[in-house]
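Numbering of ligands and ligand atoms starts at 1, following listing order.
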Amino acid sequence: DVSAKKRDSVPFDPIFLSDEKSDIDWNSFSDDEFRAGVFAWFDKNYPKNMRNTGRRGSANEMRPWMKIISKKGWIAPAWPTKWGGMGLSPAKQIIYIEERERVGVMREPDMGLVMFGPMLMRWGTEEQKQKYLPRIVAYEDVWCQGYSEPNAGSDLASLQTSAVLDGDHYVINGSKIWTTSGHWADHMFLLARTDKNAKKQEGITFFVTPMSAPGLSVREIPNISGHSEFAQEFLENVRIPKENVVGEVNKGWTVAKSLLGFERLNSGSPRPARAALSAAEKVAKANGVWDDAEFQSKYTRVYLDIADLSTAYKRFADIMSLGDSPGPELSQLKIIVAGATQLASELLMETAGSAGANSDYESYDGDDVSLLGMFFNHFGAMIASGTNDIQRNIIAKRVLNLPG
Ligand SMILES: Cc1cc2nc3c(=O)[nH]c(=O)nc-3n(C[C@H](O)[C@H](O)[C@H](O)COP(=O)(O)OP(=O)(O)OC[C@H]3O[C@@H](n4cnc5c(N)ncnc54)[C@H](O)[C@@H]3O)c2cc1C
C-alpha cells in the first residue's frame with residue numbers, strides 16, 4: 001500500500017498533534033504531510049476499543065470522542081471555516097476520509113454534519129443558521145432525517161404525514177420510519193404535506209422539530225446485525241412553531257432534493273468501502289495471507305475500484321463546493337460505493353475464514369475487528385439514500401435518456 005508506506009515516513013508539522021483548534025489553513029500542507037498528520041492525530045486520540053466495529057456508534061458512546069474532535073476543530077471537514085468547519089478542498093477531504101478509515105473510526109450519528117448543516121447554509125434564514133449550526137459543530141445537538149414513511153420510500157413524494165396550520169403553529173400527524181439515529185437525536189428535520197390538493201411534489205414543506213415535542217414518540221428498530229441504528233417515529237398532533245419551516249411553505253421538495261444531493265454525495269463517499277478494505281488488510285496481515293497472490297489480486301481490484309470512486313467523488317464534491325448542482329450523474333457514486341463495499345466485505349469474510357461466522361469481535365495483532373458487523377453493513381449501503389435500483393432509473397432516464 002503505497003500511500004500507507006509514504007505516510008509512515010513523512011515528517012509533519014507538530015500542529016497536527018495539538019488537541020486545540022487552530023486557524024491554520026489545512027489545505028496549505030502538501031497531500032503527503034496532511035495524510036501523515038491526520039493519521040497520527042486520529043491514531044493518537046481515537047479510542048482503541050472503538051475501532052473497526054462495522055456499525056454506527058450511538059450518540060452517547062460517541063459523545064466523548066466527538067467532543068475531542070470538535071475541540072480540535074476537525075468535526076466538520078467539508079464545512080467552511082466560517083461555520084466552524086475545516087474548509088477542506090475535496091482532494092484533502094478524501095485523504096481525511098482515507099486516514100480516518102485506516103484508523104477504524106466508527107461512524108457517528110452525523111445527519112446534522114453531513115446533511116442538515118450543509119442544506120441549512122444554503123436554504124436557512126440567518127436566524128436558523130445561528131441557532132442550529134454552532135450546536136452541530138459543538139456536538140451539542142444530534143439530528144435525524146424524517147423522510148421515509150411506512151408507505152413512502154422510493155416514491156418519497158407520496159408521503160402522507162400532514163401539517164395543518166393552526167394559528168402560529170403547524171399541527172403534524174403521521175409516522176416516519178428507518179430514521180437513522182431517531183432514538184438518539186435531539187432534533188429531526190422532516191417532510192410533511194401542507195397542501196393535499198396540490199400535485200404530489202408541490203404540497204410538501206420542510207420542517208424541523210425537537211424530538212422532545214409533546215406527541216412525538218419513538219420506537220427503536222434493530223437491524224440485521226442486531227444493532228439498533230434506526231427507529232420509527234409516531235407524530236400525534238405535534239405542534240411546531242411556524243418559524244420551524246425551512247425554505248418556503250409548499251416548496252419543501254426543492255429543499256429536500258437539495259439535501260438529498262448532500263446525502264448522496266456523502267453516501268457516495270469511499271468511506272464504507274475503505275473501512276471494509278482496511279479491515280481486510282488487517283486480517284490478511286495477521287493471518288499471513290497479505291502476500292498471497294490470490295488475495296493480492298482481489299485486494300487490488302477493490303483498491304482500484306475505490307481509487308476510481310475517489311476520483312469521481314472528488315469531482316462531485318468540487319462541483320458542490322462551488323454551490324453548483326451535481327446533476328443526475330451523482331447517482332453513479334452510490335452504485336459504485338455499494339459495489340466496492342460489497343466486494344471489500346466479501347474479501348474480508350473470505351480472508352477471515354471460519355472466524356467470519358463469529359458475531360463478536362476477533363482480535364488481529366491487537367486490533368479488534370467486527371467481521372460480521374462489517375459484512376452486514378454493506379446491505380444498508382445498497383438501500384439507504386435511495387436504493388441502487390432507483391439510482392439506476394435516474395441514470396437511465398436523465399443521463400442516458402433511455403425510453404420508459
Ligand atoms: C441503513 C438505512 C438507513 C436509512 N436511514 C434513513 C433515514 O435516516 N431517514 C429516512 O428518511 N430514511 C432512511 N432509510 C430509508 C431508505 O431511504 C428507504 O429504505 C429507501 O428509500 C427505500 O424505500 P423502502 O424501504 O420503502 O423500499 P421500497 O421503496 O418499497 O422498495 C422496495 C424494493 O423495490 C424497488 N423499487 C421500488 N421502486 C422501484 C422503481 N421505480 N424501479 C425499480 N425498483 C424499484 C427498490 O429498489 C427495493 O428493492 C434508511 C434505510 C437504510 C437501509
Completion exercise
Taking only non-hydrogen atoms of Tyr147 and a 4.0 Å limit, the atoms of ligand 1 in range are 11 (O)
Practice task
Verify whether the ring centers belonging to Tyr96 and Phe42 lie closer than 6.0 Å.
Solution key: yes
Problem - Top protein contact for atom 50 (C) of ligand 1, by heavy-atom distance - result: Trp178 O, 3.7 Å
Practice task
Output yes when the distance from some N or O of ligand 1 to some N or O of Asp155 is under 3.5 Å, and no in every other case.
Solution key: no
Handout entry: For atom 49 (O) of ligand 1, closest protein heavy-atom neighbour
Key = Asp389 OD2, 3.4 Å
Completion exercise
ligand 1 to Thr387, heavy atom cutoff 4.0 Å, flagged ligand atoms 22 (C), 46 (C), 47 (O)
Fill in the blank from the handout: If we number the atoms of ligand 1 from 1 as shown, the ones under 4.0 Å from a heavy atom of Ile383 are 19 (O), 20 (C), 53 (C)
Exercise for the section: Answer yes or no: is there an ion pair linking Asp43 with Arg51, defined by an N-O contact shorter than 4.0 Å? Expected result: yes
Problem - Non-hydrogen protein atom less than 4.0 angstrom from atom 2 (C) of ligand 1 - result: yes
Output side-chain donor-acceptor pairs under 3.5 Å for residues 333-344, partner residues at least two apart or in another chain, one line each.
| residue | atom | partner | partner atom | Å |
| --- | --- | --- | --- | --- |
| Lys334 | NZ | Ala381 | O | 3.0 |
| Lys334 | NZ | Ala384 | O | 2.7 |
| Lys334 | NZ | Gly386 | O | 2.8 |
| Thr341 | OG1 | Ala273 | N | 3.4 |
| Thr341 | OG1 | Val337 | O | 2.6 |
| Gln342 | NE2 | Glu346 | OE2 | 3.2 |

Completion exercise
atom 24 (P) of ligand 1 has as its nearest protein heavy atom Gly153 CA, 3.9 Å
Problem - side-chain contact (heavy atoms from CB on, under 4.5 Å), paired with Leu304, selected from Val302, Thr300, Asp308 - result: Thr300
Practice task
Considering the heavy atoms of Asn393, write down every atom of ligand 1 situated less than 4.0 Å from one of them.
Solution key: 40 (C), 41 (N), 42 (N), 43 (C)
Exercise for the section: Assign the ring pair Phe375 / Phe379 to parallel, tilted or perpendicular, where the plane angle (0 to 90°) is split at 30° and 60°. Expected result: perpendicular
Exercise for the section: Establish, yes or no, whether a centroid distance under 6.0 Å links the rings of Phe16 and Trp41. Expected result: no
Exercise for the section: Among all protein heavy atoms, pick out the one at the shortest distance from atom 11 (O) of ligand 1; state its residue, atom name and that distance to 0.1 Å. Expected result: Ser148 N, 2.7 Å
Handout entry: Atom indices of ligand 1, in the order listed, that fall short of 4.0 Å to a heavy atom of Ile390
Key = 38 (N), 39 (C), 40 (C), 41 (N)
Handout entry: Protein heavy-atom partner closest to atom 8 (O) of ligand 1 - residue, atom, separation in Å
Key = Thr180 N, 2.9 Å
Practice task
Pick whichever of Pro150, Pro109, Ser154 has a heavy atom sitting closest to atom 36 (N) of ligand 1.
Solution key: Ser154
Practice task
Mark whether atom 34 (O) of ligand 1 lies under 4.0 angstrom from at least one protein heavy atom.
Solution key: no
Completion exercise
Counting heavy atoms under 4.0 Å, the part of Phe379 that contacts ligand 1 is neither
Exercise for the section: Return the option from Ala231, Ser385, Ala384 holding the heavy atom at the smallest distance from atom 51 (C) of ligand 1. Expected result: Ala384
Problem - Under 3.5 Å donor-acceptor, Thr81 side chain and Met86 backbone - result: no
Problem - Under 3.5 Å: donor-acceptor pair, side chain of Ser58, backbone of Glu61 - result: yes
Exercise for the section: Step through it carefully: locate the ring centre of His187, locate the ring centre of Tyr132, and say whether they are under 6.0 Å apart. Expected result: yes
Handout entry: Best match, Arg56, Gln145, Met115, Lys176: closest heavy atom to atom 9 (N) of ligand 1
Key = Gln145
Exercise for the section: Can you confirm whether something in the protein, heavy atoms only, sits under 4.0 Å from atom 30 (O) of ligand 1? Expected result: no
Exercise for the section: Could you tell me whether the side chains of Asn173 and Ser162 share a donor-acceptor contact shorter than 3.5 Å? Expected result: no
Handout entry: Ring-ring centroid check Tyr299 Phe295, cutoff 6.0 Å
Key = yes
